[in-house]
Amino acid sequence: MAGSFRFNHRFLTTLLLTVTITTLNSVHTTTTTTNTEFVKSSCTFTTYPRLCVTSLSTQSSLIQTSHKLMAHAALNITLASAKATSAMMVRLSSSSRLKPREVSAMRDCVEELGDTLEELRKSIGEMGQLSGSNYEVYMSDIQTWVSAALTDVNTCTEGFEGDDMNGKVKVLVRRKILVIAHLTSNALALINHFASTHG
């Protein structure tokens, strides 16, 4: 009889653990799916939805279903991309293979990207300050700075126009800058969407 009791106790304990683990996995899967679907549906408000989904889906567990966290994540991803591109351009501009005009365009672009980085950093800082009576002022600042960041990124590409630029350098820089422009555009769209859902 004691052996039967131990067997039933072990069996019930094992069964209870199995049901608990299965339930937790189901809840986790449902939450993950919900978060991913939120990212996908929010990205429909952007100009570049495919880029939006690919850049933000890895952050879905942090974003959850928050429009504010979505906009904040978009800004952080844009900032990281702009930093990496700026560093690449600084390295590239010191190459001895570039023509003086290309070096000048690179330096101008790095300066524009510096402005972009500053505007994105300020926007990220203000996102943390959004609350109550100051919400509209902070949101207006964020929208202005991200719009300015987008203008700076677009200005950067202007220096690479013309036939006298190295084709490979021109293509590489334009491709990297285009990604930053698209990420910035998406971030601005998500910020605007967040602002519309908040008001």
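For clarity, every value in this text was computed on a predicted model and none was experimentally measured.
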* Test Asp141 against Lys122 for side chain to side chain contact (heavy atoms under 4.5 Å, CB included), laying out the working first. => CA-CA 9 Å; Asp141 287 347; Lys122 288 193 288 189; over 6 Å; no
* To do: Check the pair Leu113, Ile180 against side chain to side chain contact (heavy atoms under 4.5 Å, CB included), reporting the backbone distance first and the verdict last.
  => CA-CA 10 Å; Leu113 285 176; Ile180 297 169; 4.1 Å; yes
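The OG atom of Ser57 sits 11.0 Å away from the CD atom of Glu37 when rounded to the nearest 0.5 Å. Taken to the nearest 0.5 Å, the OG atom of Ser140 stands 12.5 Å off from the CG atom of Asn134. Taking CG from Asp152 and CG from Leu120, the interatomic distance works out to 9.5 Å, rounded to the nearest 0.5 Å. With rounding to the nearest 0.5 Å, the separation of CG in Asp108 from OG in Ser93 is 11.0 Å. In this structure, Trp145 CH2 and Arg121 CZ are separated by 13.5 Å, a value rounded to the nearest 0.5 Å. The SG atom of Cys43 lies 8.5 Å from the CG atom of Leu51; values are rounded to the nearest 0.5 Å.
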Side-chain atoms of residues 171-179: list all donor-acceptor pairs with protein atoms under 3.5 Å, sequence neighbours left out, distances to 0.1 Å.
residue	atom	partner	partner atom	Å
Arg174	NH1	Thr157	O	3.4

Show which side-chain atoms of residues 79-86 pair as donor or acceptor with protein atoms under 3.5 Å away, not counting sequence neighbours.
residue	atom	partner	partner atom	Å
Thr85	OG1	Ser81	O	3.0

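Residues forming a ring-ring contact (aromatic ring centres under 6.0 Å, His included) with His193 (at least two apart in sequence, or on another chain): Phe45, His67.
Two residues are said to be in side-chain contact when any heavy atoms from C-beta on lie closer than 4.5 Å; Met127 and Ile142 meet this criterion. Side-chain contact check for His72 versus Ile124: some heavy-atom pair is nearer than 4.5 Å. Side chains of Met139 and Ile191 form a contact here, defined as non-hydrogen atoms less than 4.5 Å apart. Side-chain contact between Cys52 and Leu190: present, with at least one pair of heavy atoms (C-beta onward) separated by less than 4.5 Å. Side-chain contact between Glu119 and Ser147 is absent, with no heavy-atom pair separated by less than 4.5 Å. Put simply, the side chain of Leu150 does not reach to within 4.5 Å of the side chain of Val146, judged on heavy atoms.
The side chain to side chain contact (heavy atoms under 4.5 Å, CB included) test with Thr78 singles out one residue from Thr184, Leu117, Leu188, and that residue is Thr184.
With Thr44 contributing its side chain and Ser41 its backbone, the two residues share a donor-acceptor pair below 3.5 Å. Side chain of Ser104 to backbone of Pro100: no donor-acceptor contact under 3.5 angstrom is found.
Residues Leu56 and Phe38 fall within the same hydrophobic cluster, defined by Ile, Leu, Val, Met, Phe, Trp and Tyr side chains chained together at heavy-atom separations under 4.5 Å. Hydrophobic cluster membership is shared by Met88 and Val110, with clusters built from Ile, Leu, Val, Met, Phe, Trp and Tyr side chains linked at under 4.5 angstrom. Under a hydrophobic clustering in which Ile, Leu, Val, Met, Phe, Trp and Tyr are joined whenever their side-chain heavy atoms come within less than 4.5 Å, directly or via other members, Val137 and Tyr135 fall into different clusters.
Of all heavy-atom pairs between Ser94 and Arg91, the closest is OG-O, 2.7 Å. Here the shortest heavy-atom pairing between Asn35 and Gln64 reads OD1-CA, 3.3 Å. Closest approach of Ile77 to Ser55, counting heavy atoms only: CD1-O, 2.9 Å.
With a 6.0 Å radius and a threshold of 12 heavy atoms from other residues, nucleotides or ligands, Lys68 has its NZ atom above the threshold. Around atom CD of Glu111, no more than 12 heavy atoms belonging to other residues, nucleotides or ligands sit under 6.0 Å away.
The aromatic rings of Tyr48 and His182 lie parallel to each other, with less than 30° between the two planes, well short of the 60° mark.
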